[in-house]
Peer 1: 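Take this structure, written in structure tokens, and hold onto it; I'll ask about it next.
Both ligands and their constituent atoms are indexed starting at 1 by order of listing.
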Amino acid sequence: MGNEERGQWSSKIGFILAGAGAAVGLGNIWRFPYITGENGGAAFVIIYLLFVVFLGVPCMIAELALGRRTKLNAVGAFKQIRNKPLWIFAGFFGIITSLGILSFYGVIAGWTFGYIFKMLLGEGFGYQAFVTNPIFEIGLYAIFLIFTAAIVYGGVEKGIEKWAKILMPMLFVLMLGLIIYANTLEGSYKGIEFYLSPDFSKLTPKAILSAVGQAFFSLSLGMGMMITYGSYLSKKENILTSSLSIALLDTVIAIMAGFIIFPALFAMGENPAAGPSLVFVVLPKLFLNMPAGSFIGALFFVLLSIAALTSTISMLEVPVSYFVDEKKFSRKKIVWAVTLFTFIIGIPSALSQGAVDYFTYFGLLPSELSAPDFLSHMSFAFGDFAIVIGSLLLSIFVGWVWGAKNASAEVAEGSQFFSRIKGLWQFSIKFITPIVIIIILLSVFKII
Ligand code: PHE
């Protein structure tokens, strides 16, 4: 973003990196493997990939187009096109979702940060003691939010874009190395089998909802983030190729994470359905098994923390840009106010992994939908459910209210090729996306 009140990305590659930085994060490396593990492996992965292609990419194009057209935040964008309570609500819903996600995501990001030091100290095995310690949990969560706020406070373009350019490729290379290492362990082929040979009987309606939720989550859709980032995009930029590049990068990294985790976990006799702890239990063991493991492990968690940071920045940017555009607050003041609010709503998640029984066995949602702890509840409620509702509202809005034809004209600026495939895109945003989401929701709630 530039320095004027409403800036623009410095360059095409600057935007793709910022967008990919927002998309690639804990969703790929922490959430994708554990959700795949919980939902039975390969069949889930196939459905996930189909959702990325047929729902995710079209929705990303729609969000970016809406943002670029209006040059406004999530609420302002809906409002400018149709000033009706339902659509203003849709914008707010995105802001609330982004705060809800940030509140639990920040807790896990705090873990990744803490694991840098655990690796350096050679303590790979103390997951339980670590997550049940309230001081660590709240302290690390607070530190991570402070980093996030400090960057959003100062402007995104200089610091983080530059670092992301160097560190994201490093993460990629390190992951390649880890794939090779994990697949040479004895017994690792069972993990590959789990990951690649589908058993479609495991696909319950909840698994399908998780697949679509995870596709939107990983691409950062359904909560106004791509609308906000699109608002900093110039008319010269190509929305189609940017969306495809971001989605491709994001998906490749998630699939790569699976090629590390599943072979490693089967080789070590762990349970693929272990839930949110999966990556934090399996990877440290893998590192401490290898030569120079505590260094490599620490490096990995440094890179993962940065990947998480580029995502938390984008989540915080959603409410901040709303307050700056619509309420004329100063960026500097509102950043800290929103961060403090988020910190408070995240405390139950931070204490829900054994520190406080009430939050650990919260159990408000039925067990088919979520594990009993508060963090898993938040992950389901915001990371799956709200994001899917948000994408449903967005697809109806862009497809029918703004109009798929008007939206296509916006996408076509900067992308000549788009006019050849716009029929396909219009069909997807008007029909496929809303209908598929509605069917999934009805079947999860046992209405059909
Ligand atoms: N896509 C990010 C990830 O996979 C998470 C995220 C969700 C970021 C929503 C921004 C908005 O880690």
Peer 1: Compute the shortest N/O to N/O distance between Ala23 and ligand 1 and return yes if it is under 3.5 Å, no if not.
Peer 2: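 N/O-N/O distance below 3.5 Å exists for this pair.
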Peer 1: Pick one: which of Phe329, Phe341, Trp336 meets ring-ring contact (aromatic ring centres under 6.0 Å, His included) with Phe323?
Peer 2: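 Of the listed residues Phe329, Phe341, Trp336, the ring-ring contact (aromatic ring centres under 6.0 Å, His included) partner of Phe323 is Phe329.
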Peer 1: Which atoms form the tightest heavy-atom contact between Val279 and Pro33, and what is the distance?
Peer 2: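 It is CG2-CG, 4.3 Å.
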Peer 1: List the atom of Ser220, the atom of Met225, and the distance in Å for their closest heavy-atom pair.
Peer 2: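 Heavy-atom minimum between the residues: CB-SD, 3.5 Å.
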Peer 1: Which residue owns the protein heavy atom closest to atom 7 (C) of ligand 1, what's the atom, and how far is it?
Peer 2: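 Scanning the protein heavy atoms, the shortest distance from atom 7 (C) of ligand 1 goes to Phe217 O, 3.5 Å.
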Peer 1: Could you tell me, atom by atom, which parts of ligand 1 come under 4.0 Å of a heavy atom of Ala22?
Peer 2: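 Here the atoms of ligand 1 in question are 1 (N), 2 (C), 8 (C).
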Peer 1: Would Met223 count as a polar contact of ligand 1, with the cut-off being nitrogen or oxygen pairs under 3.5 Å?
Peer 2: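 Met223 vs ligand 1: no N/O contact under 3.5 Å.
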Peer 1: Which atoms of ligand 1 sit under 4.0 Å from any heavy atom of Gly27?
Peer 2: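 So the atoms of ligand 1 that pass are 3 (C), 4 (O), 12 (O).
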Peer 1: Does atom CZ of Phe445 have more than 12 heavy-atom neighbours from other groups under 6.0 Å away?
Peer 2: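 More than 12 within 6.0 Å, yes.
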Peer 1: Please list, in number order, the atoms of ligand 1 under 4.0 Å from a heavy atom of Asn28.
Peer 2: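 Going through ligand 1 atom by atom, the ones under 4.0 Å from Asn28 are 4 (O).
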Peer 1: Salt-bridged, Arg68 to Glu237, with N to O below 4.0 Å?
Peer 2: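 Glu237 and Arg68: not salt-bridged.
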Peer 1: Pairs of nitrogen or oxygen atoms closer than 3.5 Å, one from Ser220 and one from ligand 1: do any exist?
Peer 2: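 Yes, there is a polar N/O contact under 3.5 Å.
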Peer 1: With a 3.5 Å cut-off and no angle check, do the side chains of Thr148 and Thr312 form a donor-acceptor pair?
Peer 2: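 Side-chain D/A pair, Thr148 to Thr312: present.
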Peer 1: Looking at Phe217, I'd like to know if the NZ or CZ of Arg31 sits under 6.0 Å from its six-membered ring centre while staying within 45 degrees of the ring's axis.
Peer 2: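 Checked: cation-pi criterion met.
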Peer 1: Select the closest option to atom 6 (C) of ligand 1 among Met225, Arg31, Met315, Met226, judged by heavy-atom distance.
Peer 2: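 Among Met225, Arg31, Met315, Met226, the closest heavy atom to atom 6 (C) of ligand 1 belongs to Met315.
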Peer 1: Of all the heavy atoms in Tyr105, does at least one lie under 4.0 Å from an atom in ligand 1?
Peer 2: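 So Tyr105 counts as touching ligand 1.
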